[in-house]
Amino acid sequence: MPFLIHVSIPPKKEELLQKFIQDAEIRSVNRLQGASSIVFLFRVSDARLIDVLKQLDAAGVGLDFGIVNILRIEATKPEIKEDKEGAEGKSSVGTRLPTEVIYSEITAMTTITFDYIMFLIVASVLAGIGLATNSSVITVASMLVSPLMAPIVGLTFGASVRDKNLVKKGLVAEALGVFICFVSGFIIALCLAKVGRDLSLPTKEMTDRGQMLNIYFGIAIAFFSGIGVALSIAGGAVSSLVGVAISASILPPVVNSGLLFGLAICGPAIVGDDTVYNRELLYQYSGVSFLLWFVNFACIFLTGIFVFKVKQVAAIPMRGSIFWAELDEVMHKDPESRPWNRVKTMKAIQEDVDGSLRVKNNKNYADPAWRQALAKRLGGVVDDDSTAQRLRDY
């Protein structure tokens, strides 16, 4: 799939970008002159995309100055000539998509929304009904609806590129999802406990997920599922995550754990007969079922990180935005070794540029000489006179 690269730079940097275009042998470049910026538009095949973005990073475009937008093109005419040329020499190991594109997709996947919560509830109810009625078909259908794999993907990718915000989002979304699934299973248990004898609760679908033997099989399945998750994301084949989610079976074990736990706690009281449900056995099944989810989660996470490393997924370079909380560290580093190369969300970047310049608990800000020295250093790196001036005037 080809991409459209949209580059906006200040006029004084045009010579640098023209050199990049010449060195990278970019064809069919459109140039638009604006009041305060110059825009360059050109197409790039997916085979060359990562190399082109690396060259832009090396030139500082999108890092020290300017803006780079990456847009997918569904179809284009005429065909990009370097498609075949670039594909011939392209390594099959590295990721097909740049980290920036993958990052934006995964960030959207790990956001907690109303739809995310509703899909969880629907999937949990389907899983609970399938487990209680011993229907593997309904249980598999719940996996198709379940969004519980997305936060694991976000957590795994965030850990791979060392993005604390994405890791936190993934953990919170996954924890919320597990809680909703467990509570849903518990509520379903309360509704079905009265007819437990008629349904032969716990069913085989429920007890199978409570056997320790399945933990060992779960490790093997989760191992290969983790590989599938990472390959799907790095290759841009997000649709294949559905199949991976089914194989990993993330949601049903959690619902099953809540279902068994609810039967163990409230079942005898609802029925009025302590002999109907074996509490000790139900507690055991519930614990093992929850452990099955945790094993799946841990294996997918660890395997995914390994595959992302093999696929050469790295942190997004980000030099132009200042990490105000680390200014003390910056002052003692050479320009070449400053801690800019970290993934940052657009919100964090905006807070850096437009937010307060005050550093929390930083006593050095009381010293005007320290601030001037800092502004002098930053002025040559950020290429932003207003930022340096705001520091001087602070």
Side-chain angles (χ1 to χ4, degrees), residues 1-11 13-34 37-63 65-109 153 157 160-161 227-244 307-308 310-318 343 346:
M1 176 182 292
F3 291 83
L4 178 67
I5 307 299
H6 173 287
V7 180
S8 176
I9 59 169
K13 296 294 184 179
E14 181 178 6
E15 183 178 347
L16 191 152
L17 192 65
Q18 290 287 4
K19 185 178 184 304
F20 151 76
I21 292 173
Q22 182 178 357
D23 294 342
E25 299 181 354
I26 303 296
R27 303 184 180 95
S28 303
V29 179
N30 294 317
R31 178 185 180 277
L32 304 175
Q33 177 74 54
S37 63
I38 300 175
V39 174
F40 289 84
L41 297 169
F42 53 89
R43 298 178 302 160
V44 175
S45 65
D46 57 351
R48 291 195 61 201
L49 178 61
I50 294 178
D51 292 336
V52 168
L53 291 178
K54 285 182 178 179
Q55 289 178 278
L56 283 171
D57 289 343
V61 184
L63 302 180
F65 65 91
I67 299 172
V68 178
N69 296 314
I70 307 166
L71 309 174
R72 293 178 185 267
I73 302 176
E74 294 297 329
T76 184
K77 293 177 66 177
E79 181 182 351
I80 302 176
K81 293 182 179 180
E82 65 260 30
D83 276 344
K84 296 180 180 179
E85 300 172 4
E88 291 175 359
K90 189 69 177 177
S91 170
S92 59
V93 176
T95 173
R96 288 180 55 197
L97 295 178
T99 306
E100 293 87 346
V101 175
I102 301 174
Y103 181 81
S104 62
E105 291 180 349
I106 292 181
T107 301
M109 288 169 56
V153 173
F157 186 81
S160 297
V161 299
I227 296 177
V229 166
L231 291 177
S232 299
I233 294 299
V238 180
S239 58
S240 60
L241 283 177
V242 176
V244 176
V307 175
F308 279 137
V310 173
K311 296 289 286 183
Q312 303 168 11
V313 175
I316 301 174
M318 192 66 68
V343 172
M346 292 304 297

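Using bins of under 30°, 30° to 60° and over 60° for the plane-to-plane angle, the ring pair F42/F20 lands in the tilted bin.
L17 has its side chain out of reach of K13: every pair of non-hydrogen atoms, C-beta onward, lies at least 4.5 Å apart. Residues L32 and I38 form no side-chain contact, since every pair of their non-hydrogen atoms from C-beta on lies 4.5 Å or further apart. Inter-residue side-chain proximity for I5 and L49 is flagged as met; some heavy-atom pair is nearer than 4.5 Å. R72 is listed as a side-chain neighbour of F3, based on a closest heavy-atom distance under 4.5 Å.
A donor-acceptor contact shorter than 3.5 Å is absent between the side chain of R48 and the backbone of I26.
Here the CG-CG distance, from D51 to L56, works out to 11.5 Å after rounding to the nearest 0.5 Å. Distance check: K54 NZ to D57 CG gives 9.5 Å after rounding to the nearest 0.5 Å. Interatomic distance, CD of E14 versus CD of Q33, reported as 7.0 Å (0.5 Å rounding). The CZ atom of F157 sits 6.0 Å away from the CZ atom of F308 when rounded to the nearest 0.5 Å. With rounding to the nearest 0.5 angstrom, the OG atom of S45 is 10.5 Å from the CD1 atom of I73.
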Could you walk me through whether V61 and Q55 pass the side-chain contact (heavy atoms from CB on, under 4.5 Å) test, one step at a time? CA-CA 9 Å; V61 184; Q55 289 178 278; over 6 Å; no
Could you walk me through whether F40 and I9 pass the side-chain contact (heavy atoms from CB on, under 4.5 Å) test, one step at a time? CA-CA 8 Å; F40 289 84; I9 59 169; 4.0 Å; yes
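Residues passing the side chain to side chain donor-acceptor pair (under 3.5 Å) test with E15, sequence neighbours excluded: none.
For F65 against A59, the heavy-atom pair with the smallest separation is CE2-O, 3.6 Å.
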